[in-house]
Number of protein chains: 2
Amino acid sequence: MAPDRVGVDLETSHGYLLKEASSALRSAMEEVLAPLGMTVTRYSCLELLAQRPGLSNSELARGAFVTRQSMNVLLRALEAEGLVTRPAEAPVGKVLPTRLTPLGRRRLARASKAVREVEVRMLSGLTNAERTAALDILRSMVTALRAD
Amino acid sequence: MAPDRVGVDLETSHGYLLKEASSALRSAMEEVLAPLGMTVTRYSCLELLAQRPGLSNSELARGAFVTRQSMNVLLRALEAEGLVTRPAEAPVGKVLPTRLTPLGRRRLARASKAVREVEVRMLSGLTNAERTAALDILRSMVTALRAD
DNA sequence: GACGGTATGTCAGGCTACTGACATGGCCCC
DNA sequence: GGGGCCATGTCAGTAGCCTGACATACCGTC
């Protein structure tokens with residue numbers, strides 16, 4: 001069914017390959033997180049909180065690459081399930097610092113283990129030099145894209 | 001506001017950086033495509049059709065990393081706007097080969113130019129060796145993740 | 001020819017994330 | 001103190017994409 005390829009080959013486009021890799025990573029993460037009753041965004045939120053306790057709603061949103069509105073509803077759900085806690089009123093300004101509960105920490109531990117295995121698999125075909133090169137390359141892309 | 005970082009640093013996680021780069025690329029693409037009345041998925045669909053004329057709905061969906069249901073509604077919209085054409089009935093089986101119209105080709109040309117400029121900016125901080133290394137690395141990640 | 005397996009196009013429903021908007025609180029400068 | 005400016009938390013409405021399901025058409029083996 002695949003017709004003969006004309007014009008530019010998608011397989012040599014950095015943008016397309018980046019999207020393809022990101023999509024594959026997301027699929028792989030969803031696959032291992034689903035049995036644990038987790039989604040990628042929920043995991044990202046918990047992981048952020050574990051590494052940077054006390055993050056606010058807006059900061060979590062930026063870290064998970066979603067809007068603060070989306071993170072807001074997600075945080076309410078996580079709070080209702082007892083995975084995170086937020087003070088009833090802001091200690092300073094309007095910012096509500098969020099923290100993991102012991103239950104949240106346990107749930108995260110399982111999810112984090114599964115995600116780490118996916119990441120190991122993703123890097124399995126790369127040498128150590130390539131792995132560090134990958135970090136440099138991706139960082140360079142991010143800063144270049146952010147620069148307006 | 002940023003608290004002292006504890007535990008693993010997100011900036012050294014390949015998965016997080018990959019997501020960050022992909023997110024930055026998508027934002028940059030949306031920014032340049034919006035003035036042209038285009039979205040990333042619409043552009044991806046048109047670009048695929050330009051490079052591989054006659055692709056079916058399902059093939060386009062796989063190429064754009066969405067489900068065939070999503071691509072179906074997108075194709076109807078593009079067809080209603082006169083950017084693509086599909087035969088009324090399948091020449092063989094149920095597969096409806098899609099093709100760009102002259103109008104679709106013109107719209108794509110403008111969008112493609114804008115996207116290429118974004119990609120050039122994304123790669124501006126990389127040497128030629130790093131650019132080819134990036135392709136190899138991303139391809140390796142994709143195949144490793146796809147392997148169950 | 002009959003059959004199970006696979007792939008396709010399409011319909012219906014639901015969920016997630018988004019944009020738009022508002023009120024509030026911190027910060028800086030005059 | 002007053003006023004512009006920005007960031008934050010939140011509410012409402014919308015759009016995009018997804019899962020589930022169905023009928024149909026190809027392809028392999030028997």
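Naming: A, B, ... by sequence-line order, numbering from 1 per chain. A quick note: this is a predicted structure, and the numbers were derived from the prediction, not measured.
- Contact between the side-chain N/O atoms of A:Arg42 and the OP1/OP2 oxygens of C:dA17 is not found at any separation under 4.0 Å.
- The phosphate of C:dT16 (OP1 or OP2) has no side-chain N or O of A:Thr39 nearer than 4.0 angstrom.
- Salt-bridge annotation for B:Glu47 and B:Arg52: absent, with no side-chain N of the basic residue lying under 4.0 Å from a carboxylate O of the acidic one.
- At whole-Å resolution of the value, CG in A:Leu96 and P in C:dT24 are 16 Å apart.
- Between B:Arg68 and B:Glu59, none of the side-chain N atoms (NZ, or NE/NH1/NH2) sits under 4.0 Å from a carboxylate O, so this pair counts as no salt bridge.
- Salt-bridge annotation for B:Arg26 and B:Glu31: absent, with no side-chain N of the basic residue lying under 4.0 Å from a carboxylate O of the acidic one.
- At whole-Å resolution of the value, CG in A:Asn57 and P in C:dT24 are 19 Å apart.
- At whole-Å resolution of the value, CG in B:Leu60 and P in C:dA7 are 17 Å apart.
- Remark: A:Arg62 is in phosphate contact with D:dT8, judged by side-chain N or O atoms under 4.0 Å from OP1 or OP2.
- Inspection of the B:Ser112 and B:Arg116 side chains reveals an N or O donor paired with an N or O acceptor under 3.5 Å.
- Rounding to the nearest 0.5 Å places CD of B:Glu81 at 14.5 Å from CZ of B:Arg76.
- Contacts between residues 63-84 of chain B and DNA chain C, defined by a heavy-atom separation under 4.0 Å, are made by B:Arg68, B:Gln69, B:Asn72, B:Arg76.
- In this model, no donor atom of one side chain and acceptor atom of the other lie less than 3.5 Å apart for B:Ser44 and B:Thr41.
- Using a 4.0 Å cut-off, no side-chain N or O of A:Thr41 falls inside it from OP1 or OP2 of C:dT16.
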